[in-house]
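Residue numbers start from 1 in every chain, and the chains themselves are labelled A, B, ... in the order their sequence lines are given, proteins ahead of strands. Because only heavy atoms are used, hydrogens play no part in the values below, and waters and symmetry mates are left out as well, while side chains stay in.
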2 protein chains.
Amino acid sequence: MSLRHAALGLLALRGEASGYDLLGIFNESLDHVWPATQSQLYTELGKLTDAELVRVVAEGGRGRKAYAVTEAGRKEFEHWLLEEPPTTNRRNDTLLRVFFLGLVPTEQGREFLLGRAAAAAEMHDRLRDVEGSLTDEQGPLAVHGRIALEWGLRYSTMQNEWARWAAQQLDAAESSDVPSAPPAP
Amino acid sequence: MSLRHAALGLLALRGEASGYDLLGIFNESLDHVWPATQSQLYTELGKLTDAELVRVVAEGGRGRKAYAVTEAGRKEFEHWLLEEPPTTNRRNDTLLRVFFLGLVPTEQGREFLLGRAAAAAEMHDRLRDVEGSLTDEQGPLAVHGRIALEWGLRYSTMQNEWARWAAQQLDAAESSDVPSAPPAP
DNA sequence: AGAATCATGTAAGTCGTTACATGATTTG
DNA sequence: CAAATCATGTAACGACTTACATGATTCT
């Protein structure tokens, strides 16, 4: 139920904004952290209005509606932010595949893991570029954006190192299973 | 759509199994990687049967049905395992909160981050315990289980270090923002 | 005038969760 | 015989995605 809280948070940051405005922020700043589709966002703003956590504060041309958080909305947001423990994401597509890697020849398992290492390295490079274009930014969002970015950098480094280590483990397990050529003395 | 592939993979490992059997494996071995509910699993087995990726190979007492993968199922599974790139999990509840941490006093932001560091440390300890009970295991599943476990260990270490680093960043940003007490000469 | 952008909404479908419902067999 | 375990299925609901549908305003 976090799209709801992301929307509340963005409205709290901005003071007021339309669904269209929020969608822009989601696509531009929150895409790596909590993506949202247009459909989902408009639906959620309707629900938030019904629940009186946000309120329409202005209507403009082209049917535009500007929303702002209510007192109840602010309270709900802060409760979520500080009181509710973040749920750890349990599903991991890569680890699920690792679990089944014994079903294919070692060489293919190695390729899979080295492919993951390469993908992590690529992700790291992309984030380094973002970092470069961020250094001259100022303000409080720069601090928190930088912290999130650092997470990505550390995560991709970890994933890269882990995947290369894991490929070695596969090789080690194979050579102990099938000692076709004994180690030189 | 990975529950489908997890089920195919488990059937490929086991040769044959009932929904009940698979559910046991999900709860016991796959819970940290790809949890599944009873409801979901039985529904999926029905769909897999319709799609002719699995087949009922035996019926036993208490309405038990034993499934096995078909040729098409095996093909679909291997395609998923080696050809389809794993989807990176984009939603991150913790990072979403970090994005909004400027909306509360620095002290509360610090507490949040140090709480995350503590949670990561606790996760690390739990995984170390699992590791201890795993060292005497043998076989190919031990290798791949160990690789997945290592991911968890590295992940929780990374998360812990990152959260403590981030808390320091908050402090640093605050002292440069509001220099109420200048540093001693 | 036509294209781009601003702006909102709904419908159909998948995946996942919680809860409901039922019954057979084994074990203490 | 009562409780635990084995075993399957369905219903309702929430979150998310893709696609459909529409129209106003601004820019070139």
Measure all distances between protein nitrogen or oxygen atoms and nitrogen or oxygen atoms of nucleotides 12-19 of chain D, and list the pairs falling under 3.5 Å.
from	atom 1	to	atom 2	distance (Å)
D:dC16	OP2	A:Gln40	NE2	2.7
D:dC16	O5'	A:Gln40	NE2	3.1
D:dC16	O3'	B:Arg91	NH2	3.4
D:dT17	OP1	B:Arg91	NH2	3.4
D:dT17	OP2	A:Gln40	OE1	3.3
D:dT18	O4	A:Ser39	OG	3.1

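Distance CD1 (B:Ile25) to C1' (D:dA7): 15 Å, rounded to an integer number of Å. B:Glu59 places its CD atom 16 Å from the C1' atom of D:dC6, with the value rounded to the nearest Å. When rounded to the nearest whole Å, the span between CG of A:Asn27 and P of C:dC6 equals 12 Å. Summarising the geometry, the separation between CZ on B:Arg4 and C1' on C:dG16 is reported as 15 Å, rounded to the nearest angstrom. Look at CG on B:Asn89: it is 14 Å from C1' on C:dG16, rounded to the nearest Å. Atom CG in B:Leu48 sits about 16 Å away from atom C1' in D:dT8, given to the nearest Å. Note: CZ (A:Phe26) to C1' (C:dA7) measures 17 Å, nearest angstrom. Residue A:Glu28 contributes atom CD, which lies 16 Å from atom C1' of C:dC6 at whole-angstrom precision.
For the residue pair A:Glu76 and A:His5, a side-chain donor N or O sits within less than 3.5 Å of a side-chain acceptor on the partner.
Contact check on A:Asp21 versus A:Arg14 returns no salt bridge, with no Lys/Arg side-chain nitrogen under 4.0 Å from an Asp/Glu carboxylate oxygen. A:Arg74 and A:Glu71 are not joined by a salt bridge, as no carboxylate oxygen comes within less than 4.0 angstrom of a charged side-chain nitrogen. For A:Arg4 and A:Glu44, the salt-bridge test passes: some basic side-chain N is under 4.0 Å from an acidic carboxylate O.
Closest to the side chain of B:Arg64, out of C:dG9, D:dT26, D:dT8, is D:dT8. Checking D:dG9, D:dG23, D:dA7 against the side-chain heavy atoms of A:Arg62 singles out D:dG23 as nearest.
Through chains of ILVMFWY side-chain contacts below 4.5 Å, B:Tyr42 is grouped with B:Tyr20.
An OP1 or OP2 oxygen of C:dT8 is reached within less than 4.0 angstrom by a side-chain nitrogen or oxygen of A:Tyr42.
Rounding to the nearest 0.5 Å places CZ of B:Phe100 at 4.0 Å from CG of A:Leu10.
Between A:Glu84 and B:Arg97 the shortest side-chain heavy-atom distance falls below 4.5 Å.
Between B:Asp21 and B:Thr43, the residue whose closest nucleotide on DNA chain D is further toward the 5' end is B:Asp21.
Around atom CD of B:Glu122, no more than 12 heavy atoms belonging to other residues, nucleotides or ligands sit under 6.0 Å away. Annotation: B:Glu52, atom CD; neighbour count of heavy atoms from other residues, nucleotides and ligands within 6.0 Å does not exceed 12.
Relative to the axis of its first five pairs, the axis of the last five pairs of the helix from C:dA1-D:dT28 to C:dG28-D:dC1 sits at 10°, rounded to 10 degrees.
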